[in-house]
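Heads up, the thing below is written out as structure tokens.
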Amino acid sequence: MNERLGKKILSLMRERNWDKMTRIQETSVEPILNGSNTLIIAPTGFGKTEAALLPILSLMSEGEQKPVSMIYITPLKALINDITIRIDWWASKLGFVVSRKHGEVPQKEKNMRLKKAPHILVTTPEGLEIDMDWASKFRENYKNVKWIIVDEIHELVGSKRGAQLSILLERLKDFSARDFQRIGLSATINDEEYVAEMLFGSSKRPRVIVKSETGKEFRLKIRKIKGNDVWEESAKAIRESLEPPTLVFTNSRFLTERLHEELEKLGEKGIFVHHSSISRDSKSSAEENLRSGKAGAVLCTKTLELGIDVGKVKKIIMYRPPPSVASFLQRLGRSGHCVSGVPYGEIICVQSFDCLEALAIYNLSKKGKLEPPRRVRPLDVVAREILGMLLQYSSVNIEKIYSIITSSYIYRNLKWEDFLELLRYLEKNNMVVIEGNEAKLGKSFFKIWTFNRNNNFAWAKSFSEFFSLISNDDTFTLKSGDRIIGEIDAIYVYKHIRPGDLIRISGRLWKVSRIHNGIMSIELTPAERGEGEIPIWKGEGVPKSDLIPKEIENVLTLGEKAIESDILDEESKRELLDIISKSKTTLGPSKAIYVTKTDKETVYTTLIDERVANTLLHMLMYLTSSKYTLNVYGRASIYGFSINVTDRDLLKELVDMRVEKIKKILLKSILRSPLFMSVEKEIQASFGKIGKVNPNNDKIIVKESLRQTIRRYFNLKGTLSLLRKIKKGDIQIIRLDRSNPLTEAILSQAPVRPWISGINVLLYDTLKGGAYTVQEISEMISIPPRSLEVKLKQMRKNDSKYRVASFVDVDSKETRWCTIDELKELVNSDEFYTSFTPLNGDETLIAEMKSVDGSSNTEMIFKPSQIAESPEDFAKRIPLEEIGELKVIDPVDPMICNMSPRYYFVRRDIVPYLLLNASAYIQNLKYT
């Protein structure tokens, strides 16, 4: 026991039957008691929470403490309940009140916190943001803060939430006028000096990094599934590997739900699901069943990667390799969760290249190599924090705002001119009002961040969203009665979900009974049987660590020696041997790119940083879409990239260009990426921009979106360096007449398409020169028929820049779509001659036309032969410029009207041709 701790603390340790502290706990006592800012780094299960907590409680117990003396910040809401219980065991016995703050805390508990402020508050960065910006009464208690603990800090470093927290700590320091003590906890960090700087910020206290020198040993097995039915074989492999209680980690919510479905089919009981798109109740149920020993396994994503107390987990299964070494260690560390415990797990590989990645990650972890934290400086975070300060103070001196923001280590180099430019842009959007040297909140703030979203415009956001920098795409809430089941991305609902559909979420099958567009809600009823569609959520693809391809190259270079390991099962060894032996003949020099062609794609194989592969792919797609065709797609991975153009040497075209032109194409290709559009949409509200972003008027958003997109998804320097090496001949381009072992890995990636400004251009370009059914168009441009039909119907309207029309193919009875200006040419074409040539030109028919607004009806008697003689003269007789609905009536046989085609949003000059089409169709039904 450390005798420097207070007697009360030592007594509580004995009560808990602690005969000694862990090494990291012992080492942390001295610097914390001495008042130093401290970063504590140790593997999971070494007792980091108590390492920080006990010295602070010892100091707190030495005298009277005013609330709130300590704030404990954790990155996950799910961790709050667990941490609160752990802290409360110690603190309550010392007479201190502990409280928690997050969105799902019951109202009664919230009221209690306001009535009796706690000495210790457990919250998230978002919880601190709300209190600093909005909770004027409770915020006064923050003037007493002496200690801040930030748990799992590696989860925040390199993210917007980390940048947000770094400014919040400086705001708190300014507000409280105290240089409070800052303590960070982490299990996996590469660059600890940077993390310490980010956390400690402008604090003048001494700085200490306490690090466990002994890592944890672990046991791991890598196994490869066999068989053709991937899902069934995967489920069987998981079932065979289960050693209750087990956590089964997947890399996406989709995989979690899909594997649960298969395990259910195999009759497995006591298997739960845990991911971010299911309700808090469902997550809590999974956690409680783990703690109580009732759960055999929980299928989960990152949500259980951090230190939530779920009891003793015996084994970890990772379904397919995780994307980074840090993630691997974090997941594996969830088992053997104590100092003497040995983490124990398994990686289940589906593809042969999974075995390569799993072995590479294992090797890297043994060598102690971890990914360094990303260096980010997002400007939208600065915009939010400026607005947050204006909410807090009503009016703030501009220089004071700048001083607080640049006190953050992350924003220490933000120039005064750039800060003023941002402030002026916020003023232009009426988010800020500047009077002399003072800034106040503008009138547009509460229009965008509103208390009653349902009564406002579609672009309005809920006020509660303002405090969070966790990316929130629009989602539909899934409900069964009053119970919330989960949520699905709105874009997925619009494209795919309809009443009556079956979906699978939260490990259960549901039927969609009703969709409420206005309130973004879907009513579900339980379903017993059927094939349920599993939703696909955005943002599931995390780029793989660039350490992995380098280590894979080491494995292939070492050859058979690399797989002399007892962690590999026989099947994975066999797969790796096969890759290694084939690589000797098809992957000769490592400094080369191997080009092979399949039926549909040109594949470029090389071990590469995934962000470089992504950058090259987007450049090739830009070349294709701007010079050859809009119907282009490609794939990118750590094994290379591919593109669906096989008749051109696009890479050579790129390499042969001047550097200046390459740089221009590089930037243009990123601007055409859906990744850029996604980032732009994500950040524009922070700057007070509503509606479409204009590149000329909103340069600050475009520039920042581009910067953030590049940092997240692309690698410009690496790409330019690679192209230079190809040009100089340092990297060879080798063409192969057969595929190599890694081609399959590239072709297994999801295809990426460039973002053309709206689908309208793509559709219009596809329709040019022909007339196609929805199904044919769908196959040509790979967009679901339902979505296509909705878009085509919109493009009929007179406000569409790219206007289209439809007619009935009399021979096939199918509806065909064409550009409105090419309809006249199709009338006289051999292919569609019968569709516009009635069998009886002298039959008398009636054209019924409704106005676009439905206020008037017009009827015209005609004979098809009259129209055929002079369509232009017939069109001049039509009193309406635009017709809302057009149909043909047969006065002799009125029953045929029910079968007459209807045309909507028709321009006057094409009415004659559609009347010929309707006449031909009706007569074809009558006479044949």
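Since we're looking at a predicted model, the values are computed, not measured. Count residues from 1 along the sequence.
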Salt-bridge test for [X] and [Y]: reply yes if a basic N is under 4.0 Å from a carboxylate O, no otherwise.
X: Glu240; Y: Arg223; value: yes
X: Glu288; Y: Arg291; value: yes
X: Lys369; Y: Glu551; value: no
X: Arg161; Y: Glu126; value: yes
X: Glu570; Y: Lys224; value: no
X: Arg14; Y: Asp19; value: no
X: Arg320; Y: Asp354; value: yes

With [X], which residues qualify under ring pair (Phe, Tyr, Trp, His ring centres under 6.0 Å), at least two apart?
X: Tyr344; value: none
X: Phe272; value: none
X: Tyr142; value: Phe138

Is a donor on one side and an acceptor on the other found under 3.5 Å between the side chain of [X] and the backbone of [Y]?
X: Arg611; Y: Asn715; value: no
X: Glu243; Y: Lys314; value: no
X: Ser252; Y: Leu255; value: yes
X: Lys160; Y: Val381; value: no

Tyr194 six-ring face occupied by Arg375 cation (under 6.0 Å, within 45°)
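Arg375 over Tyr194 ring: yes.
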
